[in-house]
Trainee: 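Right, I'll just put the structure down here and ask away after.
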2 protein chains.
Amino acid sequence: MAGGSTYHHGSLHQVLIDVSLDLIAEHGLEGFSLATAAKAAGVSVAAPYRHFTNKAALLGAIARTGYAQLGEALREAADRHPDDPVEALLELGSAYVGFVIDQPALASVMFSVRGRAPESDAGLAALGVLGDVLARLEAAGRLAVPLDTALRATWSLVHGLAVLHTGGMRTISEEDAPLLRKQVLRPLLDGMLRR
Amino acid sequence: MAGGSTYHHGSLHQVLIDVSLDLIAEHGLEGFSLATAAKAAGVSVAAPYRHFTNKAALLGAIARTGYAQLGEALREAADRHPDDPVEALLELGSAYVGFVIDQPALASVMFSVRGRAPESDAGLAALGVLGDVLARLEAAGRLAVPLDTALRATWSLVHGLAVLHTGGMRTISEEDAPLLRKQVLRPLLDGMLRR
DNA sequence: ACCTGAACACCGTTCAAGT
DNA sequence: ACCTGAACACCGTTCAAGT
């Protein structure tokens with residue numbers, strides 16, 4: 001009772017997120033339980049309910065941080081080619097696939113289940129980076145299809161690559177990043193562009 | 001005891017598969033339990049274990065039937081254009097997306113979790129149809145990238161379209177099948193082809 | 001957005017026992 | 001690839017009670 005008790009450590013919210021990602025990395029999303037997360041955080045099974053309304057809310061919070069990180073990664077990638085939107089688009093695709101491959105646990109939460117995330121602000125912001133690059137292409141008269149179609153097509157392609165990889169399908173792997181660009185992203189996305 | 005007792009009805013295996021798909025369609029894969037499937041089939045919770053080693057095995061069996069159906073659908077699609085592999089490829093892509101959109105419960109099982117299915121014979125057979133069409137394109141000197149790269153790229157694109165749609169993202173929907181072909185599949189897959 | 005302990009309903013799985 | 005009933009461990013969630 002005297003002095004700085006750690007009884008309320010005040011950061012359980014974040015601790016639960018961190019600990020959950022570790023557990024999901026180790027046992028997969030299926031094998032993840034709120035009970036083990038609570039135990040790993042050193043609190044009772046009921047404690048998480050002070051910070052998240054339920055298990056789905058915890059996973060939703062994790063997904064939102066994931067989309068924030070993804071958005072940052074995509075923005076950095078796009079900014080690497082401020083005056084060449086075609087290169088920026090390829091960089092974006094590589095970054096998307098790379099993010100998912102580098103953070104499979106986080107990605108599994110982001111991409112799991114019903115409307116988990118792209119509907120969140122962070123999810124929309126991440127997509128917005130792609131939309132901006134495509135808008136630049138459209139402004140330059142280089143889009144051969146409507147902008148929103150281009151967005152969905154691009155997103156689908158990189159999402160499919162990432163998801164099949166995560167699911168154990170050896171699509172194009174980390175070491176093959178240049179191959180991914182040259183043999184997949186460049187030819188397919190080129191098809192969407194006017195020369 | 002006399003005559004045709006239905007006590008052992010002998011088809012519990014199939015009944016469980018059917019009933020499970022109904023339940024998954026209604027409550028999603030998350031909300032699906034072996035216990036409710038057993039109840040819906042009119043047997044005790046332990047009965048399914050005579051037919052499937054565990055819940056994962058039941059879902060695996062469902063996934064395999066799904067891949068068999070998908071393979072059939074893809075074969076039919078490809079056969080619609082026996083002498084035009086480019087058209088066959090587009091038809092294949094449409095069929096893949098259409099299958100997932102038409103059977104979301106089945107697709108959610110097929111595409112869930114760890115190595116559920118493409119490793120199965122049925123899964124490989126389904127992919128084989130795509131491989132055959134691409135091999136015809138290669139033989140005609142029309143592939144601009146290696147065959148296995150083309151396979152993974154094509155699969156990724158249609159899988160991404162399907163998966164984002166299932167996840168609630170309005171990609172290109174049922175009514176937009178011609179749009180899907182003209183504005184997504186044709187331009188992007190064209191990029192993979194030599195003219 | 002405080003944490004614990006106890007409780008409840010539900011689920012996956014096993015096992016002895018019954019046809 | 002027989003089915004049931006009972007049991008166990010585990011999990012999500014709630015709630016009264018404690019700091």
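Predicted model only: the values in this text are computed from it and were never measured. Chain naming here is simple, since letters A, B, ... match the order of the sequence lines and numbering starts at 1 in each.
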Trainee: Applying a 3.5 Å limit to both distances, which nucleotide forms a Watson-Crick or G-U wobble pair with D/dA17?
Mentor: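 Pairing partner: none.
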Trainee: Roughly how many Å is it from NE2 in A/His27 to P in D/dC10, rounded to a whole number?
Mentor: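 Whole-Å distance recorded here is 13 Å.
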Trainee: For C/dA1 and D/dG18, measure between their P atoms and round to the nearest Å.
Mentor: 25 Å
Trainee: Find which nucleotide of DNA chain D each of A/Arg50 and A/Lys39 is nearest to by heavy atoms, and output the residue with the more 5' nucleotide.
Mentor: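 Final value for this comparison: A/Lys39.
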Trainee: Counting side-chain heavy atoms from CB outward, which of D/dT4, D/dA1, C/dT4 is closest to A/Ala47?
Mentor: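 Among the listed nucleotides, the one closest to the side chain of A/Ala47 is C/dT4.
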Trainee: Base, sugar-phosphate, or nothing: which does A/Ala46 touch, judged by heavy atoms less than 4.0 Å apart?
Mentor: base
Trainee: Among C/dG12, D/dG12, D/dC2, which nucleotide sits nearest the side chain of B/Tyr49?
Mentor: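 The nucleotide sitting nearest to the side chain is C/dG12.
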Trainee: To the nearest 0.5 Å, what is the distance between CD1 on A/Ile101 and CG on A/Leu180?
Mentor: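 Here the interatomic distance stands at 7.5 Å.
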Trainee: Using whole Å, what does the distance between atom P of nucleotide D/dC2 and atom CG of B/Leu16 come to?
Mentor: 13 Å
Trainee: Can you tell me the distance, in whole Å, between the CG atom of A/Leu34 and the P atom of D/dT14?
Mentor: 11 Å
Trainee: Looking at A/Arg75 and A/Asp79, does any basic side-chain N land under 4.0 Å from a carboxylate oxygen?
Mentor: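 So A/Arg75 does not pair with A/Asp79 through a salt bridge.
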Trainee: Rounding to an integer number of Å, can you tell me how far B/Asn54 CG sits from C/dT13 P?
Mentor: 5 Å
Trainee: So, the side chain of A/Thr149 versus the backbone of A/Val145: is there a donor-acceptor pair under 3.5 Å, distance only?
Mentor: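 Not a single qualifying donor-acceptor pair exists.
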Trainee: Would you classify A/Ser33 as touching base, sugar-phosphate or nothing, given that sugar-phosphate means primed atoms plus P, OP1 and OP2, and contacts are heavy atoms under 4.0 Å?
Mentor: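 The residue A/Ser33 makes sugar-phosphate contact but no base contact.
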Trainee: What's the closest nucleotide to the side chain of A/Lys55 if the choices are C/dT13, D/dT13, C/dA1?
Mentor: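 Output: D/dT13.
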Trainee: Identify the nucleotide, in any strand shown, that forms a Watson-Crick or G-U wobble pair with C/dG12, with both distances under 3.5 Å; if there is none, say none.
Mentor: D/dC8
Trainee: Whole-Å distance between C/dC3 P and A/Phe52 CZ?
Mentor: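 Rounded to whole Å, this separation is 11 Å.
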Trainee: I want to confirm an ordering. Mapping A/Thr53 and A/Gly42 to their closest nucleotides on DNA chain C, which one lands closer to the 5' end?
Mentor: A/Thr53
Trainee: Kindly say if B/His13 contacts the phosphate of D/dC2, meaning a side-chain N or O under 4.0 Å from OP1 or OP2.
Mentor: no
Trainee: Check whether B/Arg142 reaches the backbone of B/Arg194 with its side chain - one donor and one acceptor, N or O, closer than 3.5 Å.
Mentor: yes
Trainee: Looking at A/Glu91, is its backbone amide N or carbonyl O close enough to the side chain of A/Ser94 to form a donor-acceptor pair, meaning the two atoms are under 3.5 Å apart?
Mentor: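 No; judged by distance alone, with no hydrogens or angles, the pair does not exist.
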